[in-house]
Amino acid sequence: MRFNAKARYIPVSPYKLRPIADVIRGKNVHQALTWLATCSLKRVVPLKKAIESAVANAVHMQGMVANDLIIKIICIDQGPIRRYFKPGAMGRSSIQRERKSHIHVVLESN
């Protein structure tokens, strides 16, 4: 049985989230959440919330135990990019990009 969770418009660049997602992909949910709890980066929080949401879906819908679930798929996709201008040297302006990302988590039972 598969259980999904999505988190959209996360204000963190997907380039910064993908290496963290690569570490926890294929692991047990309990192992992944403990690894994320020990990681001291702020950008870990949205991943942790998305996994906890998928676990809550599994517990609520089928009465599953969190230790029986494995992270089958975790995708970090590019969201919209907000472009804005900041003043630069000698009256110029430089384009700044605020990237957003979408997280998709799929859990599977053993």
Side-chain angles (χ1 to χ4, degrees):
M1 189 89 191
R2 289 187 171 196
F3 304 99
N4 299 330
K6 289 183 182 179
R8 299 181 69 199
Y9 304 106
I10 304 297
V12 180
S13 174
Y15 303 110
K16 295 179 181 178
L17 287 177
R18 283 182 186 134
I20 299 169
D22 291 339
V23 171
I24 60 174
R25 185 176 292 120
K27 288 191 177 180
N28 187 350
V29 169
H30 180 69
Q31 291 174 346
L33 288 176
T34 54
W35 187 86
L36 290 174
T38 59
C39 191
S40 63
L41 300 171
K42 275 188 174 181
R43 58 183 175 241
V44 167
V45 175
L47 283 171
K48 189 175 174 184
K49 281 185 164 186
I51 293 170
E52 288 172 349
S53 176
V55 169
N57 289 340
V59 170
H60 179 71
M61 291 170 56
Q62 294 291 325
M64 301 290 291
V65 180
N67 292 334
D68 296 340
L69 298 171
I70 294 174
I71 299 173
K72 184 71 174 175
I73 300 169
I74 183 164
C75 294
I76 311 294
D77 296 327
Q78 177 83 35
I81 300 173
R82 185 176 80 93
R83 291 177 178 86
Y84 59 97
F85 296 98
K86 285 187 91 171
M90 295 188 288
R92 296 186 184 118
S93 63
S94 59
I95 297 175
Q96 302 291 316
R97 291 176 205 85
E98 181 184 357
R99 298 175 192 273
K100 297 192 185 307
S101 57
H102 301 316
I103 301 172
H104 181 78
V105 179
V106 177
L107 303 180
E108 195 173 71
S109 61
N110 288 355

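Any value given below was found using the heavy atoms of this structure, including those in side chains, with hydrogens, waters and symmetry copies removed.
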Original post:
How far apart are the C-alpha atoms of Ile20 and Trp35, what are their side-chain angles, what is the distance that settles it, and do they pass the side-chain contact (heavy atoms from CB on, under 4.5 Å) test?
Top reply: CA-CA 10 Å; Ile20 299 169; Trp35 187 86; 3.9 Å; yes
**OP:** In sequence, state the C-alpha distance, the side-chain angles, and the governing distance for Val106 and Glu108, and then conclude on side-chain contact (heavy atoms from CB on, under 4.5 Å).
**Re:** CA-CA 7 Å; Val106 177; Glu108 195 173 71; 5.8 Å; no
Original post:
Can you tell me if NZ on Lys49 sees more than 12 non-hydrogen neighbours from other groups inside 6.0 Å?
Top reply: no
Original post:
If you count the non-hydrogen atoms of other residues, nucleotides and ligands that lie under 6.0 Å from CD1 in Ile95, is the total more than 12?
Top reply: no
Okay, side chain of [X], backbone of [Y]: is any donor-acceptor separation there less than 3.5 Å?
X	Y	value
Asn110	Ile70	no
Arg18	Ile76	yes
Arg25	Ile74	yes

Grab the two heavy atoms, one from [X] and one from [Y], that are nearest each other, plus how far apart they are.
X	Y	answer
Asp77	Pro14	O-CB, 4.2 Å
Gln31	Thr34	O-OG1, 2.8 Å
Asn28	Ala66	OD1-O, 3.9 Å
Phe3	Ala54	CB-O, 4.1 Å
Ala21	Leu47	N-CD1, 4.3 Å
Ala50	Ala5	O-CB, 3.5 Å

**OP:** Please list all pairs passing the ring pair (Phe, Tyr, Trp, His ring centres under 6.0 Å) test where one or both residues lie in residues 9-31, with sequence neighbours left out.
**Re:** Tyr9-His102
**OP:** Apply side-chain hydrogen bond (donor to acceptor under 3.5 Å, both in side chains) to Glu98 and list each qualifying residue two or more places apart in sequence or on a separate chain.
**Re:** Arg82, Lys100
Just how far is it from atom [atom1] of [X] to atom [atom2] of [Y], taken to the nearest 0.5 Å?
X	Y	atom1	atom2	answer
Gln78	Ser101	CD	OG	8.0 Å
Arg43	Leu17	CZ	CG	7.5 Å
Gln62	Asp68	CD	CG	13.0 Å

**OP:** Start with the C-alpha distance between Ile71 and Leu107, add both sets of side-chain angles, then the distance that settles side-chain contact (heavy atoms from CB on, under 4.5 Å), and finish with yes or no.
**Re:** CA-CA 5 Å; Ile71 299 173; Leu107 303 180; 3.7 Å; yes
Same apolar cluster (I L V M F W Y, side chains within < 4.5 Å links), [X]/[Y]:
X	Y	value
Ile81	Phe85	no
Ile24	Val45	no
Leu69	Ile73	no
Val65	Met1	no
Val23	Ile103	yes

